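Here the structure is laid out as structure tokens; the discussion comes afterwards.
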Amino acid sequence: MSSRVTVATLREMKAKGERITMLTAYDALVARAVDAAGVDVILVGDSLGEVVQGHDSTLPVRLRETLYHTEIVARCVRRALVVADMPFLSYGVTVEATVRHAGLCVKEAGAAAVKLEGGALRAEEVRRLADCGIPVMGHVGTLPSWIHRYGAYRVQGKTLEAGRAILEDALALEAAGAFAVVIEVVPPGLARVITRRLSIPTIGIGAGPHCDGQVLVTQDMLGFDTGRSTRFVRRYETLGARMAEAISRYAAEVREGRFPDATTSYSDGDVDWGSLE
Ligand code: KIV
């Protein structure tokens with residue numbers, strides 16, 4: 001196993017022009033698979049709300065649920081950097097509350113870093129977390145937690161003016177001490193400029209090919225139906241369809257008395273079980 005990924009590793013990767021890989025995980029099975037595949041960063045995303053909990057946004061996720069899933073993932077991961085995605089309103093209220101909640105992600109759940117959404121507005125919180133020794137990944141561009149503010153999830157930063165505001169957000173996060181920034185759903189040219197202007201790594205999702213790294217929700221790229229179908233997801237598998245097909249076969253075999261059979265049952269031994277009837 002190669003050595004543990006740290007925030008310093010990611011900085012070095014950007015300096016060397018090596019692409020950073022990042023995926024989500026919320027449970028032991030996926031965390032182990034993603035880690036064993038050598039993915040650099042595992043995000044316990046607040047996409048948990050949609051993928052695991054069946055909500056139609058990330059907003060209902062509670063801090064205690066993030067802590068629960070982060071603890072599972074951190075326990076199973078050997079190499080990747082584990083980042084806990086702070087849920088809606090566990091940050092952005094007071095700096096003290098943000099520090100307390102991020103502290104729980106690190107101290108109790110075992111995350112090596114936290115992520116929170118927003119740019120310049122988050123600078124004070126990011127600075128205080130960094131001062132406390134908690135590495136922070138920023139998140140700019142389209143912010144899923146602003147769904148009610150937007151009205152609908154769509155590409156942000158489509159004009160020079162809007163793009164400049166997102167660039168300034170990213171620069172403010174870097175100045176405040178963030179170690180990396182996720183750029184979500186913006187035009188690729190804007191992500192390219194932000195990536196060139198920042199000395200810290202950028203991780204893109206729906207932001208084109210020019211970022212220092214890429215992230216997707218693992219269940220999306222594996223082809224599960226998470227209700228999150230978007231243009232930027234490439235499906236590397238069709239596990240959702242394959243899972244449904246396997247479950248149907250199992251149900252049919254149970255109904256038809258074809259499962260279990262001799263190969264999936266234990267031996268009766270020499271006992272005459274009929275004598276109990
Ligand atoms: O919650 C999440 O999974 C995310 C990423 C996909 C960036 O924020």
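These figures come from a predicted structure and were not determined experimentally. First listed ligand is number 1; within each ligand, the first listed atom is number 1.
Hydrophobic clustering of Ile, Leu, Val, Met, Phe, Trp and Tyr side chains at less than 4.5 Å, counting indirect connections, unites V7 with V215.
Against a heavy-atom cut-off of under 4.0 Å, T24 is close to the following atoms of ligand 1: 3 (O). Interface atoms of ligand 1 facing I205, defined by a heavy-atom separation under 4.0 Å, are 6 (C). Distances below 4.0 Å separate heavy atoms of H139 from the following atoms of ligand 1: 8 (O). Near G45, meaning under 4.0 Å from one of its heavy atoms, ligand 1 places the atoms 1 (O), 2 (C), 3 (O).
Distances between N or O atoms of D85 and those of ligand 1 include at least one value under 3.5 Å. Between D46 and ligand 1, an N or O atom pair is found at a separation short of 3.5 Å.
Under the 3.5 Å distance criterion, the side-chain polar atoms of R79 are matched with a main-chain donor or acceptor of G38.
Y26 and E65 share no side-chain donor-acceptor pair at under 3.5 Å.
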- Task: Kindly indicate, with the supporting measurements, whether the criterion salt bridge (Lys or Arg N to Asp or Glu O under 4.0 Å) is fulfilled by E71 and R75.
- Result: CA-CA 6 Å; E71 191 179 339; R75 188 183 303 137; 3.4 Å; yes
- Message: Checking E117 against R122 for the salt bridge (Lys or Arg N to Asp or Glu O under 4.0 Å) test, could you report, in this order, the C-alpha distance in whole Å, the side-chain angles of both residues, the deciding distance, and whether it holds?
- Response: CA-CA 8 Å; E117 292 180 18; R122 301 279 83 82; over 6 Å; no
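Distances shorter than 4.0 angstrom do not occur between any heavy atom of M22 and any atom of ligand 1. Residue contacts with ligand 1 include K115, since one or more of its heavy atoms lies under 4.0 Å from the ligand.
When the heavy atoms of G141, G206, S47, A25 are ranked by distance to atom 2 (C) of ligand 1, first place goes to S47.
A salt bridge links E237 to R242: at least one charged side-chain nitrogen sits closer than 4.0 Å to a carboxylate oxygen.
At a 4.0 Å heavy-atom cut-off, ligand 1 touches L43 through the side chain alone.
No more than 12 heavy-atom neighbours from other residues, nucleotides or ligands sit within 6.0 angstrom of CD on E124.
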